[in-house]
Amino acid sequence: MDMETEGFRDLLQQAEQLTAEMDSGTDLPHVERNLAQILEAGQRLMSRTAPAAHDASDVKASILLGSKGYVLPKITERLDGLKATTTFEPLEPVRDTDIQGFLKNERENALLAVIEQTRKHTFEEVERHQWESMQNEWEREKQKILNTLLGSGPDTFEFQQETESMSSEGVFTHGRSNLDHIEMAYARQVYVYNEDVVANSIRPSLVDLFLDVARKLDDKVMIDLWEMMRCMTDIPLTSGRGSLPGAVRRSKETQRLLVTRAVQHLENNFCQYLKKIVCDNLEQSRLGGVPGTYSLVRSYLKLQLPAMAFVAEDCRLDGQPVWALVYFCLRCGDMKAAQEVISKVSHQLGDFPGYFQEYITNPQHRLSVANDTKIKLQYRRVVKNSQDPFKRAVYCIVGQCDPNEDHTDISDKIDDYLWLKLLQIEFEASDSGQEQFTLENLQKLLYEDYGENHFQAYQQPMLYTQVLVLTGQFEAAIEFLSRVEHLRHHAVHMALVLFESNLLFLPPSCQAPLLSQEQGDPPCLRRLNLARLIMMYTRKFEATDAREALQYFFFLRNLKTPSGDNLFMSCVSELVLETREFEMLLGRLEKDGKRLPGAIDKFCQDTDKIIELVARDTEAKGMFEEANQDKAVSLLNKLLSKVVSLPNNPDGTRDRLKAQAVAMAERFRLVDRNMTAANSGTFYLLLDLMTFFDFCHTSSVDNALDVMKQLKLLPFTPEDVEHRVNSFRNYTDEVRRNLPDILLAVMNLFHSKYMSIRNTGPQSPVPGQGSFKDGGKDMYLNYLRSQAKTLIMFAGMLPYRLPGDVNARLVQIEVLMN
């Protein structure tokens, strides 16, 4: 027993010694456990230990967490106790007998289902809006790139192709055309307009011509567009057509007129809308037999007003709120009807009847300084907090009180919004010192602050166009509409109407971008490049329907190119070169010298300038075959000189140029020609040389030699050598460069004739020498050798360096004749 006690005492001492060593010499944490805990931990570790290559991650994790005071088993048990559930997972069903729990569970499940459905719908909406935004952005970028490619570069006058033709009577020929029915109808009206402009000094109404197109096509969108354009362009410009459009558009008078016309257009449209609503619901509206705006508005309010949630103030008239009656009378543009309403209840409206009387009496619809101050003060103190939206709107119209107020309760449509904003524009400086709401403010708000994204312009292009046009931003509206391909024809003809009305603001250069702004321009006034727009449009059809393009180019007759040329003439020149319709566009000369007129003759009297410009452009482009008059002859000489010695080939270049030169020579023979002596002499000499080579290629030796002797270009006797050498100095380069071929051809003719005579029998006659019996053969052969030597002598004395092989061949042929 003592030994056992001694043994336990030794063990205890050794354990304490180990504990002391652990506490002093290591960084391991001190773990306090009893024997039961140690045994339990050991068994757990043994159960998790793998036989061979077991991952020691748990051991390492225990050591790591143990250093921080965490017990891994307890953490594991706590984590296992947590239940992983989804956020919106319906709760577990409860027992049927637990009614309270069941109802609570069902309520929470319903809420979670709604939350999940809303979340899903929100994500779908966000994704849809994102794709729509990306699609719109890409569409805008695509249109910008296309517009840049369509008219960019230093050469503004490049065209393409497409369409049909219009006869001189203005009727379209039956043929293939890329113009659709709307574009064709527009083109007819452009033709009619240009015919009247050329024939008469009084210009017809171009906008009325286009409005007739819309009515004949029965297109509601087109009708609305051109009625709006007619309203906006029907303004008396005191500055006249001679003034620059920029000065016209900048003037306060023009801006006031544009705003007035826009307001009238909106009022007329709204009045028509009320009539349609009332007529469609006559039983409910009870219009009655009394005509007029007041009856119309009262009947409309019987239909629409109950659906509007607002508190009517002050009083009623005929059962309807008085402020609503006044507002809608003003909205229809009938101030007398609004005055009639106010006068019937004037005793209940305080000072407002006096304000309104002054408002409708003043031509500019402005209040005096005193009344302006009073009504604005009254609005800020009382009316602004009113529950009646019509009262607030009427005060803002009459007193121009709060231009930043949008009146969304009653102006939920863009027409109503624009009408209210336009009526609040101020054109004269205010003495109150308050910030004014100007037309530029409204333009910036709609075009820059809101812009295309706000109005969903590509989904509603005509709505956005209406917004820009009614606020006087014509150039921006046309540029936007031109980016929509199926509406580009509207944009082009809108620009023509504005240009003819002297309302289109143009850039100083026809090479400017389609929409631009120069330094010093008003912030919201853009410039539209009409030339570029027309060329973008005519690019579609000009190559196959040049007459149509010519009608549109006529609008550019008063514009200049950067080089100072007439833009119309430059466009015609490019059109001629692209389409190669020389006779149809420029006319043609008959054999008797009479010139048949072309399509350009009815546009201007001085067609010679256009023809000269075409000739100059053809020369610059290297298209020598198409040039004109003396320059044309000079260029034709250059072409003929290259093909004179070639054999004739049907439908070849030489045959075509020869036919053209012969036709030109026949015309010159019948009429006086305006050519220099050098060009004329070279022209006829080249024609004769072509005849000479034609005989050479057909082996007509005698005919060829006869032609050459008549031309007196080469010497045939030694006495003529010096004279022919001196005469050769006067020939042009077109003739000189053909001399080697001429010399070789004549020498070959001499050799051919020499060989044919030498091989002839004694009974054959010798031309001019009798028969061979009396020695005529030898004499004629000596004559041919003498002519060959004369030709070599001439070649040696020429002040013109012949190719080395030509001299060698001449000498070789002459040797063969000895």
Side-chain angles (χ1 to χ4, degrees), residues 137 139-159 232 243-251 254-255 258 439-440 442-453 457 461 464-465 467-469 471-485 487-488 490-539 552-553 555-565 567-568 570-571:
E137 184 177 355
E139 184 67 23
R140 288 194 300 273
E141 292 299 324
K142 182 183 73 174
Q143 295 296 339
K144 288 180 182 178
I145 294 172
L146 290 176
N147 291 336
T148 302
L149 294 176
L150 280 173
S152 61
D155 188 0
T156 316
F157 317 112
E158 293 183 356
F159 311 105
M232 294 299 293
S243 302
L244 294 176
V248 174
R249 291 286 298 280
R250 287 191 182 99
S251 68
T254 302
Q255 293 181 6
L258 290 175
L439 179 60
E440 289 183 358
L442 181 58
Q443 291 173 342
K444 181 179 182 299
L445 177 68
L446 297 174
Y447 184 65
E448 296 181 3
D449 297 345
Y450 288 154
E452 298 177 9
N453 287 334
Y464 186 58
T465 301
V467 170
L468 295 179
V469 170
T471 54
Q473 303 182 85
F474 302 129
E475 294 77 15
I478 293 171
E479 187 273 337
F480 163 73
L481 211 57
S482 68
R483 284 187 264 135
V484 184
E485 186 175 355
L487 298 176
R488 184 173 297 153
H490 296 320
V492 172
H493 296 91
M494 285 170 61
L496 294 180
V497 167
L498 292 167
F499 178 69
E500 292 298 292
S501 302
N502 204 37
L503 288 172
L504 192 65
F505 199 19
L506 302 177
S509 171
C510 62
Q511 292 183 348
L514 186 59
L515 194 68
S516 62
Q517 196 169 26
E518 299 293 325
Q519 187 175 4
D521 289 345
C524 294
L525 189 57
R526 304 298 195 274
R527 297 172 183 257
L528 183 77
N529 191 338
L530 179 66
R532 187 181 292 271
L533 180 66
I534 288 178
M535 291 171 194
M536 286 170 53
Y537 180 64
T538 57
R539 185 186 295 270
Y552 287 93
F553 292 152
F555 287 90
L556 307 177
R557 61 192 178 277
N558 295 322
L559 303 180
K560 299 291 183 182
T561 66
S563 59
D565 295 329
L567 187 53
F568 169 63
S570 297
C571 290

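Scope of the values below: all heavy atoms of this structure, side chains included, with no hydrogens, waters or symmetry mates.
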Asker: State, to 0.1 Å, how close N529 and A512 come at their nearest heavy-atom pair, and which atoms those are.
Answerer: ND2-O, 2.7 Å
Asker: Residues in side-chain hydrogen bond (donor to acceptor under 3.5 Å, both in side chains) with T471, at least two apart?
Answerer: Q473
Asker: Using every non-hydrogen atom in the two residues, find where P523 and Q517 come nearest and quote the distance to one decimal.
Answerer: O-NE2, 2.8 Å
Asker: Roughly how far apart are L498 CG and I478 CD1, rounded to 0.5 Å?
Answerer: 5.0 Å
Asker: Can you tell me how far apart OH (Y552) and CE (M535) are? Round to the nearest 0.5 Å.
Answerer: 15.0 Å
Asker: To the nearest 0.5 Å, what is the distance between CD on E479 and CG on L528?
Answerer: 8.0 Å
Asker: Taking the basic N atoms (NZ, or NE/NH1/NH2) and the acidic carboxylate oxygens, is any pair closer than 4.0 Å for K444 and E440?
Answerer: no
Asker: Could you give all pairs that pass the salt bridge (charged side-chain N to carboxylate O under 4.0 Å, His left out) test and reach residues 503-525, with sequence neighbours left out?
Answerer: R250-D521, D521-R527
Asker: Using atom types as modelled and distance alone, determine if a side-chain donor or acceptor of S482 lies under 3.5 Å from a backbone N or O of A491.
Answerer: no
Asker: Atom CG in D565, atom SG in C571: separation rounded to 0.5 Å?
Answerer: 11.0 Å
Asker: How long is the gap from CE on M494 to CG on L487, to the nearest 0.5 Å?
Answerer: 10.5 Å
Asker: Quick check: do L503 and M232 have side-chain heavy atoms less than 4.5 Å from each other?
Answerer: no
Asker: I'd like to know whether L468 forms a side-chain contact (heavy atoms from CB on, under 4.5 Å) with F474, so could you lay out the CA-CA distance, the side-chain angles of the two residues, the decisive distance to 0.1 Å, and finally the verdict.
Answerer: CA-CA 7 Å; L468 295 179; F474 302 129; over 6 Å; no
Asker: When you measure from the side chain of R249 to the backbone N and O of L504, does any donor-acceptor pair fall under 3.5 Å?
Answerer: no
Asker: Please name the pair of heavy atoms, one in T254 and one in V248, separated by the smallest distance, quoted to 0.1 Å.
Answerer: OG1-O, 2.8 Å
Asker: Is there a side-chain contact (heavy atoms from CB on, under 4.5 Å) between I534 and L496 once you walk through the steps?
Answerer: CA-CA 9 Å; I534 288 178; L496 294 180; 3.9 Å; yes
Asker: Taking all heavy atoms of R557 and all of F568, pick out the closest pair and write down the distance.
Answerer: CA-CB, 3.5 Å
Asker: Taking atom CG of L559 and atom CZ of F499, what is their separation to the nearest 0.5 Å?
Answerer: 4.5 Å
Asker: Using the ring centroid of each side chain, check whether Y464 and F480 are separated by less than 6.0 Å.
Answerer: yes
Asker: Could I get the full list of side-chain hydrogen bond (donor to acceptor under 3.5 Å, both in side chains) partners for K560, not counting sequence neighbours?
Answerer: none
Asker: How far apart are the C-alpha atoms of L514 and M536, what are their side-chain angles, what is the distance that settles it, and do they pass the side-chain contact (heavy atoms from CB on, under 4.5 Å) test?
Answerer: CA-CA 10 Å; L514 186 59; M536 286 170 53; 4.2 Å; yes
